[in-house]
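Here the structure comes first, spelled out in structure tokens, and everything after it is commentary.
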Amino acid sequence: MQLCLEGADATWFYLDGSSMRLNASNGRSLDREELESPVLMVSLICAEDGSAPIEYRVIVQVLNENDNRPRFRGDPILTHNVSELVAVHSVVFSTQAEDADGDTLMYVIDATSPDARFFRIDLPNSGRVVLARPLDFESRRSLEVVVTAV
Ligand SMILES: *[C@@H]1O[C@H](CO)[C@@H](O)[C@H](O)[C@H]1NC(C)=O
Ligand SMILES: *[C@@H]1O[C@H](CO)[C@@H](O)[C@H](O)[C@H]1NC(C)=O
């Protein structure tokens with residue numbers, strides 16, 4: 001009896017005796033984001049002298065894992081001009097990050113950043129940064145805050 005693999009995705013697999021194994025060698029690894037389709041199809045052909053070959057179709061579904069870090073759109077260092085008269089509790093700026101895995105992101109103010117106490121994020125998924133205390137142009141002309149996307 002002879003076994004062989006055929007089909008568009010056959011190069012992802014190899015036969016080891018009667019086991020079908022994933023060929024993820026040569027720095028090639030299975031990454032859902034890189035695949036055109038999340039489903040790999042391969043045919044196992046079984047041939048024997050004197051009879052017609054039979055085909056066994058194997059469908060492998062590649063499940064997504066959270067293997068990408070979120071990234072901010074555009075420049076990760078932003079400057080915003082905000083009037084000192086902006087009301088406390090109003091949104092002073094928004095930030096948006098992207099995640100290749102399509103996961104829901106949360107935005108967190110880094111409490112160790114220099115002026116973190118001036119800002120707040122009320123809705124963790126929104127990326128909207130709210131003013132937490134009044135601004136005063138005469139005492140402070142610039143504030144710095146770090147927002148992390150998780
Ligand atoms: C795995 O795939 C690479 C090409 O991507 C090929 O050179 C190698 O021979 C394959 N390994 C096996 C065991 O089939
Ligand atoms: C903020 O205002 C200053 C002075 O008016 C201006 O030079 C600067 O381009 C403004 N920055 C932004 C991000 O709007």
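Note that these values count all heavy atoms, side chains included, but never hydrogens, waters or copies made by symmetry. Note that ligands are numbered from 1 as they come in the structure, with each ligand's atoms numbered from 1 the same way.
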How about CD on Glu84, more than 12 heavy atoms from neighbouring residues, nucleotides or ligands closer than 6.0 Å, or not?
yes
Do Arg28 and Trp12 meet the cation-pi criteria used here (NZ or CZ under 6.0 Å from the six-membered ring centre, within 45° of the axis)?
yes
Give a yes/no verdict on a cation-pi contact between Arg133 and Phe118, requiring under 6.0 Å between NZ or CZ and the six-membered ring centre and an angle within 45° of the axis.
yes
Near Asn23, which atoms of ligand 1 are under 4.0 Å from a heavy atom of that residue?
1 (C), 2 (O), 3 (C), 8 (C), 10 (C), 11 (N), 12 (C), 14 (O)
Between CZ of Arg140 and CG of Leu135, what distance do you get to the nearest 0.5 Å?
10.0 Å
What is the closest protein heavy atom to atom 13 (C) of ligand 2, and at what distance does it sit?
Thr79 O, 3.2 Å
I need the nearest protein heavy-atom contact for atom 1 (C) of ligand 2: residue, atom name and distance, please.
Asn81 ND2, 1.5 Å
Any protein heavy atom at under 4.0 Å, with atom 5 (O) of ligand 2 as the reference point?
no
